[in-house]
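Working notes, beginning with the structure itself.
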Amino acid sequence: MSWTALSSGFSERRNSFVSLPPVANLISRFFASDILPPFSTKPFRHEDIPGNSYIASRSTRAEAALTNEKRSSMSVDDSVSFKYEGQLDDLFWNDYPKKLFVLGDIGSGKSTLIKYYLRCFCPNSGQHKDDFKKKLIIYLDAIDYPYVAESADNFYHYVKDAIEATFKEVGLEIEPYIKKRSLHGFNIREWVRYALEEISQLTHRPAPNIPFKYLVFVLDNLDQCTLDVQKNLLAIVDGWSRLRTINIWRIIVPMWPYTHAKLKLSDFKPARDGIEIVIPQIHTEGMFEKRKDALAMELEKMVLPDTEKHSISEYFDVIHSAAIDIFHKKIARLCGSNVRKKLLLWGDFLSGERAQSIYYESSSLPTSRRSFDYAILDAVLCGCCESFRADPQKILNIFNVLGVRSSDYDILIGLHGLWLLHQKTTDEIDFQYKMLGLGYAKEKIVGLERRFAIAGLFYEVPTGSGHQLFISYNLCDEVITAFLDLIFEPAYVDNAALVTPVDLETVKSLRMTRGDRPELFYPRAMTTFCFLDHLKACEDRFLHGVHISDADLEKEHKQKLRALCVPSFSAGIAKKYKQRIRAIQDSGLLRHMSTIQWNEILSRLASIDPE
């Protein structure tokens, strides 16, 4: 059997308020994952960051638990002292091991802190301001290169491109120096080693036109790769640093604490001989309000007609007032402590057509007491795309966690994994054992764990060492509960129905719809009914062990389901969906609906959720 989703296209659907390039760029600068000026713009001043949106104020877990009143009485103000930037400056310039691991949770701003330090704090406030321009920084982003374990030569090509680009930024070329060497044909590994050796010689004897004195490597986003890829990348760069002919000043690696601990406990030497700096989460109180005000100030500076600036400013004000509370209540909880994810979701929401629909309706009915819960959740899920673009970096589609469907029960693996976490399954072996017991393949369970970790449902806590390495889960209860609440939200189910792979017969019954178009309510509801029928059929077959041929194993399977208290998710989702349909019918909002259409919807309601 084959499966396909109704919608697989994610073309942008930006609203008219942010369609102007300068306004779209402003939104991107304020809410993008990297708020700093472009990497080619170096150095820069703190004032160059849009809306002063770089946050230096951070708090440890203990400090984060304090009340606002107690926190305000603390004597150390990190936002003024730039405490962690100062620590990084001390570790960078003084006599410490070459490798520096900057450890922090997902979304805590590790990469941003490093970039800010190297390009802003170092040249403006650091111990050696004059030496800023003497650094040759080779910045390697592992997200751009996930397959180093399969072909290390590709990584060497990546380094070659980075070296050439870095030389070009300072108006130089590396090739004349390489030509002094004897390359046997073109060997990419020899080319990179020779280039690093030539750069090292330049750092020892900087000529007037050669500014380099310090060679710095930054290995970013290793967490997004497999453990083998992480080890391979670190081992290659660590090997260069140990050669007498290559003089690397610092290797800076931002990393999740549990990833670093796993590397250390697996007896991987390059992870054990560096120095660590642990950075807490940044303070986010009032962050969205401050950015809204800063956005208004930047907008005022733009060369636009006053009427246009006024309408755009009014849009930001109205949509903020209408949506921010619901966003914090239903969406921010999904992000946990991941500030980057919150900003990305809010920026996408502001840019989308659905947010504009909320603005028009809210503006036309300023005294209305109508709730926009459904509309706002629908708008956040779709952002500035035509449909829900599920992504573990943003919001997971629990019905398609693996990103591809190859079996009848892949639609359930996310639901069952989420349920086990909700049941406080905190040991990796126990989690895998239970999922294997439910009939899921090991490789799919591993993929599920990785997606859950990226989505922030838990952090891995490694213990033991070497071949006796064990992983336990530090569960993020708020995020797990938020996802369990989300899957019962009608807006989430409506959108998941459009992008979740189903069988070809079911796809024929689905229709592409939008939640901000009242005239599409009927086909939208009927599409979701078909999706729920498919989900229920898959769940019924799974719960009754149809996928297990052996009678004894089928009996054991049912016993395991009872022991784990696995619920019928399709029944709970149908019940919640039915409540929304009833509420809409009672409100009289959809007067354009014919009696025939309502009767058909009510008939389908009775079939998916019998009284």
Only distances under 3.5 Å count here; give the side-chain donor-acceptor pairs of residues 317-325 to other protein atoms, sequence neighbours excluded, each with its distance to 0.1 Å.
unit_1: Ser321; atom_1: OG; unit_2: Asp317; atom_2: O; d: 3.1

Open item on the list: So, applying side chain to side chain donor-acceptor pair (under 3.5 Å) with Thr500, which one of Asn495, Asn400, Asp410, Asn397 is it?
Closed with: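 Going through the options one by one, the only one that passes is Asn397.
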
- [ ] Test Glu353 against every option in Arg14, Arg514, Glu386 by the side chain to side chain contact (heavy atoms under 4.5 Å, CB included) rule and name the one that passes.
- [x]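 The option that passes is Arg514.
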
Task: Option passing side chain to side chain contact (heavy atoms under 4.5 Å, CB included) with Phe458 (candidates Asn474, Thr425, Leu421, Thr426) - done: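 With Phe458 as partner, side chain to side chain contact (heavy atoms under 4.5 Å, CB included) holds for just one option, Leu421.
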
If you take the centroid of each ring, where Trp contributes its six-membered ring, are [Y] and [X] closer together than 6.0 Å?
X: Tyr409; Y: His416; answer: no
X: Tyr473; Y: Phe452; answer: no
X: Phe542; Y: Tyr440; answer: yes

According to the interplanar angle, ranging from 0 to 90°, do the rings of [X] and [Y] count as parallel (below 30°), tilted (30 to 60°) or perpendicular (above 60°)?
X: Phe569; Y: Trp419; value: perpendicular
X: His328; Y: Phe288; value: perpendicular
X: Tyr359; Y: Tyr315; value: perpendicular

Open item on the list: Would you say that more than 12 heavy atoms from the other residues, nucleotides or ligands in this model lie under 6.0 Å from the NZ of Lys536, or not?
Closed with: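 Open.
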
Task: Atom CD1 of Ile596 with >12 non-hydrogen neighbours under 6.0 angstrom - done: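 No - once you tally the heavy atoms of other residues, nucleotides and ligands closer than 6.0 Å, there are 12 at most.
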
Determine whether the side chains of [X] and [Y] contain a donor N or O and an acceptor N or O closer than 3.5 Å.
X: Tyr374; Y: Asp494; value: yes
X: Asp348; Y: Ser351; value: no
X: Ser108; Y: Asp105; value: no
X: Arg604; Y: Ser607; value: yes

Task: All salt bridge (Lys or Arg N to Asp or Glu O under 4.0 Å) counterparts of Asp223, not counting sequence neighbours - done: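 By the salt bridge (Lys or Arg N to Asp or Glu O under 4.0 Å) rule, Asp223 matches no residue at all.
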
Contacts under 3.5 angstrom, residues 479-486 side chains, donor-acceptor by atom type, not counting sequence neighbours:
unit_1: Thr481; atom_1: OG1; unit_2: Asp477; atom_2: O; d: 2.9
unit_1: Asp485; atom_1: OD2; unit_2: Arg333; atom_2: NH2; d: 3.2

- [ ] Run the salt-bridge test on Asp586 and Arg582 with the 4.0 Å N-O cut-off and return the result as yes or no.
- [x]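 Result for this pair is no, no salt bridge flagged.
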
